Amino acid sequence: MEGGSPDQESVGSGTKRSSVSSGSKSRNHKEFLYRLVDCETFTANLEDWFQSLYEKSAQMKPVFDVPFELIDLQKFDYALEGVSFQQLIRMPNAVYASTSDSAEATAYLAVEDFLHATVKGLWEAFWSQDEPMPFSVACLYKENLKFYQAENAIASGRLGSLCASGVLLKNPRHPHGKWDNLLELALLRPGIQSLVGESEQQPSLHVLGEALFYALRMLISRSLSRQNLPLSSNSAFVLLVDSQYGGVVKVEGDVNKMDFDVNNVYKCAAEWIQRHARIAVSPVDRIWNKLGNANWGDIGALQVTFATFYCIMQFAGLPKHSIEDLAADHGCRLQTRRLERQLGDTRVNGSGLFRFQQHGVSPEIVEVQDESVKLESESLKLEVGSVLWLEDSNWERGYHINQIRSNGELPYYIASPVEDPGKSLFLYVGSHPSQLEPAWEDMNLWYLVQRQTKVLTIMKQKGLSGKYLPQLSASGRIIHPGQCRRPSSGGNCDHPWCGTPILVTSPVGETVADMVSEGHFGVDEAIRCCHDCLSALSTASSEGIRHGDIRPENVICVRSGESRPYFVLIGWGHAILEDRDRPAMNLHFSSTYALQEGKLCSASDAESLVYMLYFACGGAFPDLDSVEGELQWRETSWSRRLIQQKLGDVSTVLKAFADYVDSLCGTPYPMDYDIWLRRFKRSISEEDHGKEIAASV
């Protein structure tokens, strides 16, 4: 286990490798990495910065953002319902309460086995059950920063020199591992569990400094690597674990922005962390129980597994089965379970509560149960002609239900205020907030109502309004029939509707999906739709907000009160407000960057708009059920200019716009809305003028 720096093997940082390297810049970066070996010196350069962060941070508020949102972890949890993980080497309980070397050795073996079980389970569930897993697990030796199997290190008496465990891409030519083949690293450190007492606490500088140090080495090594990673290599995950608890540290940023001064390595590295790195730290939560078994279904193990999932994607590319694909099976599994339990009504009602078939002996008991079921069934149905009352900022508003519609997945309503029957509004009813185990459909409902309410409220506060954007009319909670026994301390009473959120927006119109199915979407509509949607996107992007879910069901045509119809971009529940937000995933209409990275680039919304117009103008999508198939179809269609040709049959300006979007997709360059709004406006004006002349003749 003796030897030189791993960087000479890993990325060629030695003198011999440097002599054959192409360019002084690459040699300089390799030399920089070769000298970046002292974690303590690196951490010491971050002390002042770390202290200032804590002083500036509000009391009891986390210093760093979390790497994963709870809603994303819930989706991932649904997807893992049918996945089997098995850790065979148990984690010894309270390793650091004992001075036994055997206990510490077992802990390293247990961490290796946990990582192996995680990677193996994820690979077989999402990527392939037939192809062999291309990853291995090994421990990091701190003397030379090379990787060895924990068993070999322990057998040779080097247990005290182990500092971490890692998941690596298999490489027979480099048995001691290459840093640019390192997916993620797990630091086994005492004291992680001491942070659990306060859920808002975050790791100390000593622990976090180590995580940042190793994450930075991973990022620099990948930037020097000759291999092409399928997905972005600008982010690295480091796991922090002890014998019971664990958390995730994510570091993201472009290392090419670093000043690679080989004579001042640690200062430059610390400055990059402070100026260019985006750091996210998860809450520390329990992973292993007292028997040493991993709690795979709990949030501690779940967030660590989620980090590993992202790491595998960076090296293996997009999975054959997406999270959404596997999570969608939750409804089928739930239905099967209910049939196994012989429940009377196999449907799940609107509140997510189940109607059980009970056979009671006492007439009184049967009568109470029947009344309860009657209350649920009556109160959870909204029919045309019914009136719904809403509590909005201590005001009571009534709405008369006029129509029931669907966005392809969930129902919503056209209603009119009781005090103004001639006015039409969209009304959305959310899921009951007390559900502990919401159905998969209710997650979509959460985006439709609660999340969209938040987005529209923020847009209203920022002064974002316009003809082509929806307007927030009202939001609040349902006022249910009967007396509300809501406790004074807050919360809801036992009525099945108490606390159900409501969102009311304007204007009302016909969706593009309905227009296409009825044959009402022509050339004029295509050009005007593109102009109006671009105008809405331009207004929102002025405050850094992107839509993230453009599809035919989320664009409406408004005809009332205007001489000419216009289009409004609705469905802002998946809008991107900050970097950690994730867009909706739709095989046909999500942008290519969204399908690959789970994020939006500057042209992503415009690309989705192109796909929507392609569909609305008669373009056909293949019947695909995988992301890989969709990406392959897009690559072929764009390269053969099939999408541009289809839009060109409708309008030359639409064809030119598609070409522009194609050239911009996946690049960091901003979308120039103004120039295309002028071009579309000019095209609309020319068509309107031609119609006026024809009418006069």
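Computed from heavy atoms alone, side chains included, the values below leave out hydrogens, waters and symmetry copies. Residues: numbered from 1 along the sequence shown. Being a predicted model, the structure only gives us computed values, none of them experimental.
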Distance-only side-chain donor-acceptor flag, [X] / [Y], under 3.5 Å:
X	Y	answer
Glu124	Ser84	no
Ser225	Asp180	yes
Thr43	Glu210	no
Trp288	Gln87	yes

Heavy-atom count around [X] [atom1] within 6.0 Å, excluding the residue itself: above 12?
X	atom1	answer
Glu69	CD	yes
Lys170	NZ	yes
Asp48	CG	no

Any donor-acceptor N/O pair, [X] side chain to [Y] backbone, under 3.5 Å:
X	Y	answer
Arg217	Leu36	yes
Tyr141	Tyr148	no
Trp127	Ile312	no
Ser590	Leu587	no
Arg451	Gly573	yes

Would you say that [X] contacts [Y] through its side chain, given a criterion of any heavy-atom pair below 4.5 Å between the two side chains?
X	Y	result
Gln596	Leu631	yes
Phe213	Asp38	no
Glu184	Leu115	yes
Arg546	Leu577	no
Gln303	Val66	no
Leu187	Val241	no
Ser221	Leu182	no
Leu168	Phe147	yes

Can you tell me how far apart [atom1] ([X]) and [atom2] ([Y]) are? Round to the nearest 0.5 Å.
X	Y	atom1	atom2	value
Leu46	Leu208	CG	CG	8.5 Å
Leu212	Gln274	CG	CD	10.5 Å
Asp259	Lys267	CG	NZ	9.5 Å
Gln149	Tyr108	CD	OH	14.5 Å
Thr308	Met313	OG1	CE	12.0 Å
Leu80	Leu326	CG	CG	8.0 Å

Strictly below 4.0 Å, N to O, side chains only: are [X] and [Y] in salt-bridge contact?
X	Y	result
Glu578	Arg278	no
Lys120	Asp113	no
Glu31	Arg35	yes

| task | Apply the side chain to side chain contact (heavy atoms under 4.5 Å, CB included) test between Arg90 and each candidate in Leu109, Asn289, Thr106, Asn293; give the one that qualifies. | result |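 Option passing the side chain to side chain contact (heavy atoms under 4.5 Å, CB included) with Arg90: Asn293.
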
| field | Partner of Ile287 by side chain to side chain contact (heavy atoms under 4.5 Å, CB included), out of Val304, Asn295, Asp298 | value |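 Only match with Ile287 under side chain to side chain contact (heavy atoms under 4.5 Å, CB included): Val304.
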
| Set of residues satisfying salt bridge (Lys or Arg N to Asp or Glu O under 4.0 Å) with respect to Lys320, sequence neighbours excluded |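 Here the qualifying residues are Glu131.
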
| request: Report the C-alpha separation of Ile299 and Leu70 in whole Å, then their side-chain angles, then the decisive distance to 0.1 Å, and conclude whether the side chain to side chain contact (heavy atoms under 4.5 Å, CB included) test is met. | output: CA-CA 9 Å; Ile299 196 166; Leu70 181 59; 4.1 Å; yes

| request: Go through the steps for Asn234 and Arg222 under the test side chain to side chain contact (heavy atoms under 4.5 Å, CB included), then give the verdict. | output: CA-CA 9 Å; Asn234 284 346; Arg222 293 175 189 177; over 6 Å; no

| request: Determine, step by step, whether Glu252 and Lys599 satisfy the salt bridge (charged side-chain N to carboxylate O under 4.0 Å, His left out) criterion, reporting the C-alpha distance in whole Å, the side-chain angles of both residues, the deciding distance to 0.1 Å, and the verdict. | output: CA-CA 14 Å; Glu252 186 174 11; Lys599 299 180 180 179; 2.8 Å; yes

| Do the rings of Phe306 and Phe68 sit parallel, tilted or perpendicular, given the 30° and 60° boundaries? |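 Taking Phe68 first and then Phe306, their aromatic rings sit tilted (interplane angle of 30° to 60°).
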
| said: Tell me whether the rings of Tyr447 and His574 are parallel (<30°), tilted (30 to 60°) or perpendicular (>60°). | reply: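 Judged by the thresholds at 30° and 60°, the geometry between Tyr447 and His574 is parallel.
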
[Y] ring center within less than 6.0 Å of [X] ring center:
X	Y	value
Phe309	Phe76	yes
His29	Phe260	yes
Phe42	Tyr266	no

List the atom of [X], the atom of [Y], and the distance in Å for their closest heavy-atom pair.
X	Y	value
Met218	Ala236	CE-CB, 4.0 Å
Val265	Phe32	O-CZ, 3.4 Å
Leu600	Ala594	CD2-CB, 4.0 Å
Gly253	Trp272	C-CZ2, 3.6 Å
Leu595	Asn586	CD2-O, 4.1 Å
Gly121	Phe85	CA-CE2, 3.8 Å

| message | Determine whether Ile279 and Val63 satisfy the following criterion, side chain to side chain contact (heavy atoms under 4.5 Å, CB included), listing intermediate values before the conclusion. | response | CA-CA 10 Å; Ile279 301 169; Val63 177; over 6 Å; no

| field | Met258 vs Leu216, side chain to side chain contact (heavy atoms under 4.5 Å, CB included): CA-CA, chis, key distance, verdict | value | CA-CA 11 Å; Met258 185 187 300; Leu216 181 57; 3.5 Å; yes

